[in-house]
Amino acid sequence: MSEVTKTAPAGEEEIREAMMDVVDPELGIDVVNLGLIYGIHVDEDNVATVDMTLTSAACPLTDVIEDQARTATEGLVSELKINWVWMPPWGPDKITDDGRDQLRALGFNV
């Protein structure tokens with residue numbers, strides 16, 4: 001097996017950009033523009049921990065979103081951990097302007 005070269009950990013913005021490929025299956029909008037990402041931390045071993053919430057604590061799609069997030073960050077980080085956070089609770093005020101535009105295009109009144 002070849003020796004792995006140690007590279008610098010991924011940056012928060014790189015991970016945030018990759019997470020734009022993670023789409024809420026119900027709304028069809030990415031988790032970044034929905035305002036579901038509360039924080040991103042990358043340690044010296046390039047393990048990323050994403051503090052993330054969902055539109056509802058009862059959302060049955062956490063596994064789908066976790067799988068999408070791991071796929072989206074593959075090659076960027078050595079491991080992705082999602083820390084599901086429920087406080088503060090998510091609300092429509094957390095949606096970005098781009099997210100609002102996307103929701104309006106889908107017929108939502110935001």
Checklist entry - Shared ILVMFWY cluster between Val110 and Leu54, side chains joined below 4.5 angstrom? => result yes
Checklist entry - With sequence neighbours excluded, what pairs up with Glu74 under the salt bridge (Lys or Arg N to Asp or Glu O under 4.0 Å) test? => result none
Item to check | Any donor-acceptor N/O pair, Glu66 side chain to Ile82 backbone, under 3.5 Å | outcome: no
Next on the checklist: Quick check on the hydrophobic clustering: are Met20 and Ile15 connected, directly or via other members, by side-chain heavy-atom contacts under 4.5 Å?
Outcome noted: yes
Checklist outcome for this item: Of all heavy-atom pairs linking Asp30 and Met19, the shortest is CB-O, 4.4 Å
Next on the checklist: Checking side chain to side chain contact (heavy atoms under 4.5 Å, CB included) between Thr55 and each of Leu36, Leu61, Val31, Ile95, which is the one that passes?
Outcome noted: Leu36
Item to check | Short side-chain to backbone donor-acceptor contact, Asp43 and Asp45, under 3.5 Å | outcome: yes
Checklist entry - Hey, are the side chains of Trp90 and Val85 touching, using non-hydrogen atoms and a 4.5 Å cut-off? => result no
Checklist entry - Can you list the steps and then say if Val32 with Thr96 is a side-chain contact (heavy atoms from CB on, under 4.5 Å)? => result CA-CA 8 Å; Val32 174; Thr96 66; 5.5 Å; no
Item to check | Atom of Thr53, atom of Trp84 and distance for their closest heavy-atom approach | outcome: O-CZ3, 4.0 Å
Next on the checklist: I'd like to know if the side chain of Thr73 reaches the main chain of Ala18, judged simply by a donor and an acceptor atom lying under 3.5 Å from each other, with no hydrogens or angles considered.
Outcome noted: no
Checklist entry - Do you know the tightest heavy-atom contact between Ile37 and Arg16? => result CG2-NH1, 3.8 Å
Next on the checklist: Does Glu14 form a side-chain contact (heavy atoms from CB on, under 4.5 Å) with Val42? I'd like the steps, not just the answer.
Outcome noted: CA-CA 11 Å; Glu14 286 177 286; Val42 185; over 6 Å; no
Next on the checklist: Counting C-beta onward and ignoring hydrogens, is there a side-chain heavy-atom pair between Met52 and Tyr38 closer than 4.5 Å?
Outcome noted: no
Checklist entry - Which is it for Gln102 and Leu27 under the side-chain contact (heavy atoms from CB on, under 4.5 Å) test, yes or no, and what are the steps along the way? => result CA-CA 10 Å; Gln102 292 174 46; Leu27 296 173; over 6 Å; no
Checklist entry - Quick one: do Val47 and Ile40 end up in the same hydrophobic cluster if we chain Ile, Leu, Val, Met, Phe, Trp and Tyr together by side-chain heavy atoms under 4.5 Å apart? => result no
Checklist entry - In Å, rounded to the nearest 0.5 Å, how long is the span from CG of Asp24 to CG of Asn33? => result 12.0 Å
Item to check | Heavy-atom pair of closest approach, residues Ile29 and Leu103 | outcome: CG1-CD2, 3.7 Å
Checklist entry - Hey, quick one: are Leu76 and Val50 part of the same hydrophobic cluster, counting side-chain heavy atoms closer than 4.5 Å, chains of contacts allowed? => result yes
Checklist entry - Side chain of Asn46, backbone of Ala10: donor and acceptor closer than 3.5 Å? => result yes
Checklist outcome for this item: residues 81-94 vs salt bridge (Lys or Arg N to Asp or Glu O under 4.0 Å), sequence neighbours excluded, gives none
Next on the checklist: Within this structure, what is the OG1-CG distance for the pair Thr62 and Asp67, rounded to the nearest 0.5 Å?
Outcome noted: 9.5 Å
